[in-house]
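One structure is given here, and the rest of the page talks about it.
Sequence positions, counted from 1, serve as the residue numbers for this chain.
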Amino acid sequence: MAIQLFWQHRQSYVLTLATASRSGEYYKFGQALATVVARHHPQIRINVIHTEGSAQNLEFIKSGAAQVALIQGDSSIQSSAQAMALLFPETAHVLVNRQAGIETMADLQGKAVALPPKGSGAYQLFMPIAQHYGLNLHSAG
């Protein structure tokens with residue numbers, strides 16, 4: 001039993017954490033989490049990988065390419081995934097230039113709108129909002 005305890009104490013674990021784009025908050029959070037875990041539990045190493053967002057993260061969980069993933073709270077998860085924790089509530093923000101003359105969501109119709117990457121949780125969160133307000137969004141490129 002003592003040998004088993006000694007062996008378990010010396011064993012190391014590597015987890016892959018799927019986040020989002022390198023410039024996003026999920027990726028930064030993942031990096032910070034990996035640093036804190038390494039400091040307090042040196043036998044656990046978290047490899048943080050950048051992805052296209054929640055949809056790809058769920059695919060990585062399903063395929064086994066990642067053991068842990070950050071996804072937006074409104075993402076539907078498959079039976080191959082299990083929710084572990086709610087980290088923080090997500091809110092959609094729409095920012096406009098004051099000089100653009102945009103006062104309501106309907107005023108966005110016909111304007112150039114910067115959207116999060118397709119496949120990201122933020123994109124999936126915004127599209128039902130746009131549809132609710134009757135916005136007809138189409139790709140410029």
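- Between atom OH of residue Y13 and atom CD1 of residue I44 there is a gap of 8.0 Å, rounded to the nearest 0.5 Å.
- Exactly one residue among T35, V36, V37 makes a side chain to side chain contact (heavy atoms under 4.5 Å, CB included) with L33. That residue is V37.
- Rounded to the nearest 0.5 angstrom, T104 OG1 and Q109 CD are separated by 11.0 Å.
- The shortest side-chain heavy-atom distance between I49 and L17 does not fall under the 4.5 Å cut-off.
- Annotation: the span from T16 atom OG1 to I61 atom CD1 amounts to 9.5 Å, rounded to 0.5 Å.
- With sequence neighbours excluded, the residues that form a side chain to side chain donor-acceptor pair (under 3.5 Å) with T51 are N57.
- F29 is not listed as a side-chain neighbour of Q31, based on a closest heavy-atom distance of 4.5 Å or more.
- Distance check, rounded to the nearest 0.5 Å: NZ of K28 to OG of S21 gives 8.5 Å.
- Once rounded to the nearest 0.5 Å, the distance linking OH of Y27 with OG1 of T19 reads 6.5 Å.
- Rounded to the nearest 0.5 angstrom, K111 NZ and L135 CG are separated by 11.5 Å.
- V48 and F60 fall into different hydrophobic clusters, defined by Ile, Leu, Val, Met, Phe, Trp and Tyr side-chain heavy atoms under 4.5 Å apart, directly or through other members.
- Within 6.0 Å of CD on E52 lie no more than 12 heavy atoms contributed by other residues, nucleotides or ligands.
- Annotation for Q43 and Q11: closest pair CB-O, 3.4 Å, computed over non-hydrogen atoms.
- You'll find the side chain of R45 stays beyond 4.5 Å of the side chain of L15, heavy atoms only.
- Between L108 and V94, the closest side-chain pair of non-hydrogen atoms falls below 4.5 Å.
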